[in-house]
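Below: one structure, written as structure tokens.
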Amino acid sequence: MSLQEAVKEIQSSFDVSQEVLQRSVDKFIELAKKGLASNEDKLGMPMLPAYVTQVPSGKEKGTYLAADLGGTNFRVCSVHLKGDNTFNLVQQKSPIPADMMVGTGDQLFAYLASKIRKFLEEHHGDALEAAHETNSRANYLKLGFTFSFPTAQHSLDSGSLVRWTKGFNIPDVVDQDVVQLLQKHLDAGKIPVHVAALANDTVGTLLSRAYSANAIAGGKQGETIIGAIFGTGTNGAYLEKLDNIKKLPEAVVKDLKAKGVTHMVINTEWGSFDNRLEVLPTTKYDRDVDALTANPGIHLFEKRVSGMFMGEILRNILVDFHSRGLVFTQYPNFESLPHRLRTPWDLDSENLSLFEVDDSKDMKPTEVTLLQALRLPTTLEERQAIQALTRAISRRSAYISAVPIAAIIMLTGALEGHHIEVDIGVDGSVVEFYPGYRTMLRDALALTQIGTKGERRTHINIAKDGSGVGAALCASVSI
Ligand code: BGC
């Protein structure tokens, strides 16, 4: 088989037809309803109640702290909500050392507490002093904790980790209350901060986009109905009717209804859509990448979509092509390939975004990037193949990303009604920076059951700093 033929084969196995899209939307709706009814199916979609019962109006005011753990960085910020749909934000970012992603809970949470202390010392010295002087918990600063992993919440300020994703694997935290863990380490360090709310990053994104929507679009783009992340991982949250969340304990529903509550935000954890692979396109490379992860067989939608996996899929295809004598023939065997090409997770999706759009005559930028990132010299023909493979991977990712969006629009009936428009807040490196991603996603949306008319009425907008501002908004509604 020639290189071109092999590339064609990949292109067709990564293709997502309209029929697959529509079947996937139906499957998503079926699995979402199942997840809302019970937690029994361990391979099902978690559909986790977030204990946030409304989205903000934009009039919320005050200064809150937020801490955000979700991928490669830990962010601490203070957010000043001005009450007019706008806010000011100061933040400090620290990378999570790789060994802490697979160490112990105490190590990780002590590290997070130390970063919160550092932030306070630099930005809120006065508040620190005041709290120390009175030594009263009433003067503690309120913090919203964005924790972007599947977490089963029991209230706005408690929740136990269901499982790690995105390369984290710290077994002693699973089933533990992550709010208590963080609070324990803050208290041990005498840091006057009260963890008042726990939120997934998608819940934060939904809330922050709803807070800002009026300022940005004058409210003309409809109500914000979904908050979604397409970055290192992928996931979405939306507002569901209480009556449809059948798995909520009766007493909780009764209590909420007595307070006039009608809805609750659901963190879908759509990364785990179709873990049984009944509809999603699957190739040998998807199976190989899954086998390399700490959570094989789980979060299989995420492993076809998000930034952490796109580069790894490409790396696996290239290694396979090499073993078949189709590329890099100067290297006689696997062991002689450049080390970085042999190393899982070393090919970043940021590099893919460059290959995607390199339209120069001899693809010099791609050549240089491959040399820098992987120490891999290439011929023009190889670079053209890499570009075609990259485009197949990113297109499949963007196309199937339309599935949960279309499905939630249908599930909630959000577009039903005359001249209704809906707004979707998104955040994450892939949707924000990957060239053409949002356009491809929209192309696919039009092919789903919502059609071109539905696609035109669906507005997808970046919720800048979504997770930080959202966590602050959660803290603002806590008592
Ligand atoms: C996690 C979600 C999170 C998403 C985006 C996934 O791996 O399971 O909780 O929202 O990544 O950060």
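Counting convention: from 1, in listed order, for ligands and their atoms alike. No experiment lies behind these values; they were computed from the predicted model shown.
- Checking side-chain atoms of E60 against main-chain N and O of G58 turns up a donor-acceptor pair under 3.5 Å.
- For ligand 1, the protein residues within 4.0 angstrom (heavy atoms only) are S148, F149, P150, T165, K166, N200, D201, T202, I229, G233, T234, N235, E269, H299, E302.
- When each of K247, K33, K34, R276 is paired with D41, the salt bridge (Lys or Arg N to Asp or Glu O under 4.0 Å) condition holds for R276 and for no other.
- Taking the six-membered ring where the residue is Trp, the centroids of F309 and W345 are separated by under 6.0 Å.
- Screening residues 426-440 for side-chain hydrogen bond (donor to acceptor under 3.5 Å, both in side chains) gives E356-Y434, S397-Y437, S401-Y437, E432-K464 as the qualifying pairs, with residues at least two apart or on separate chains.
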T268 and I408: side-chain contact (heavy atoms from CB on, under 4.5 Å), yes or no, with the steps? CA-CA 10 Å; T268 65; I408 292 174; 4.2 Å; yes
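- A distance of 6.0 Å or more separates the ring centres of Y111 and F109.
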